[in-house]
2 protein chains.
Amino acid sequence: MADIGGIAGQIARIREQANALVERELHERGIKGIVAAHGPVLAFLLRQSKPVPIKAVVKSVRRVKSTVTVTIRTLEKHGYLRKFPSETDARVTYVELTTKGRGLRKDFEEISRALRSKLYGNMSPKDRERLVQQLDKIEENLSE
Amino acid sequence: MADIGGIAGQIARIREQANALVERELHERGIKGIVAAHGPVLAFLLRQSKPVPIKAVVKSVRRVKSTVTVTIRTLEKHGYLRKFPSETDARVTYVELTTKGRGLRKDFEEISRALRSKLYGNMSPKDRERLVQQLDKIEENLSE
DNA sequence: GGACCATGGTTCGTGCACGAACTATAATCC
DNA sequence: GGATTATAGTTCGTGCACGAACCATGGTCC
């Protein structure tokens, strides 16, 4: 990343700090096998009420499918989710959270809340609002 | 990373986009062996007028020393920098950019500029200012 | 001046993320 | 309906980043 002193560096550092905070929380709560990188997959699966094909996970989490393969394997290995083949299309594999996996919901929400709270600190709602909008703008700018 | 829809997710995505932009630029300019992750090391060395101990690089780039070891090896392998032992303290190794390495200055600056420019888009100077301040605040909040 | 601790670097093992190649199954097209 | 192409997932090799262990060497302390 160029722009060291600049805004890109700031953003990179914030991301790292946020990651570190999540890792700390997970550790403190004694949650094993989960790291910050699993967050998007977990978040997506927590929103589902029925099994979804892995393809849908890939689409949602903005990671390349080989990455998702590994993430899912890890989550499965630790008993947070279950995989099973589709009955109608032998190419597709469905995944769904196990009871243990769904049990993460509360921690997930609390950690998200803790992160946001610490990140924003005492920033006013107006400022938060504006900040998010500016970040939206930046995301848009960068993807053109 | 938890907080998918939230601000942390935004920040993570922006960072990735910024990284991707830098990688694209490097590729387009035919610069080989350099990736975005080398940026901080490069930036630091470009600011130096004489060789510095690796320790100083580690301090500057906020990466663990084993990471810096590898980064420096890569940069050396591609001829961008040179390592040599201290004469007074056999434990320390100095590094300095080669001519080829110093030749990256222009590209480095241009890429930084391009990144900032694309990232900010047409955001007003006032907004940019405020944004950077807010990010500063966030960095501070997260490191308490 | 020898035992002990501190410091600067490297090595090694692990995990995430990527892209390219591969496997297997489906869908299409003639 | 057989060849071709598209789709879903996995595997493999590579690079970054980390922490722990390790090697030298240098400083301290008695």
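Chain A is the first sequence line, chain B the second, and so forth, proteins listed ahead of strands; every chain is numbered from 1.
Residue A/T93 is classed as a sugar-phosphate contact, given heavy-atom separations below 4.0 Å to backbone atoms only. As judged by a 4.0 angstrom heavy-atom cut-off over every strand, B/K59 is placed among residues making no nucleic acid contact.
Checked by atom type and distance alone, the side chain of B/R128 pairs as donor or acceptor with a backbone atom of B/M123 at under 3.5 Å. The backbone N or O of B/H78 sits less than 3.5 Å from a side-chain atom of B/K100, completing a donor-acceptor pair. Side chain of A/Q17 to main chain of B/E139: a donor-acceptor pair is present (N/O by atom type, distance under 3.5 Å, no hydrogens or angles). A donor-acceptor contact shorter than 3.5 Å is absent between the side chain of B/S117 and the backbone of B/R113. Although no hydrogens or angles enter the test, the distance criterion places a donor-acceptor pair under 3.5 Å between the side chain of A/K118 and the main chain of B/E144. In this structure, the side chain of A/T69 engages the main chain of A/K65 through a donor-acceptor pair within 3.5 Å. A donor-acceptor pair is defined here as one N or O able to donate and one able to accept, closer than 3.5 Å; no such pair exists between the side chain of B/Q48 and the backbone of B/E96.
Rounded to whole Å, atom C1' of D/dG9 lies 16 Å from atom CZ of A/F84. Between B/N19 atom CG and C/dC18 atom P there is a gap of 11 Å when expressed in whole angstrom units. In this structure, A/I54 places its CD1 atom 9 Å from C1' of D/dT10, rounding to the nearest Å.
A donor-acceptor contact under 3.5 Å is not formed by the side chain of B/T69 with the base of C/dG9.
For the pair A/R24 and A/E28, the salt-bridge criterion is not met [side-chain N within less than 4.0 Å of a carboxylate O]. Between A/R105 and A/E109 there is a salt bridge, with a side-chain nitrogen of the basic residue lying less than 4.0 Å from a carboxylate oxygen of the acidic one. Under the 4.0 Å criterion applied to side-chain N and carboxylate O atoms, B/R62 and A/E16 are not assigned as salt-bridge partners.
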Between the protein and nucleotides 14-17 of chain D, which nitrogen or oxygen pairs come in under 3.5 angstrom?
| residue | atom | partner | partner atom | Å |
| --- | --- | --- | --- | --- |
| D/dC16 | OP1 | B/H38 | NE2 | 3.0 |

Got a list of protein N/O to nucleotides 1-5 of chain C N/O distances below 3.5 Å?
none

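For C/dG9, neither phosphate oxygen OP1 nor OP2 lies less than 4.0 angstrom from any side-chain nitrogen or oxygen of B/R73. Contact annotation: A/K55 side-chain N/O to D/dA6 OP1/OP2 distance is not under 4.0 Å.
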Nucleotide-resolved protein contact map, nucleotides 21-27 of chain D, B/S/- at heavy-atom distance under 4.0 Å: ----BS-
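Around the NZ atom of B/K59, the shell of radius 6.0 Å holds no more than 12 heavy atoms that belong to other residues, nucleotides or ligands.
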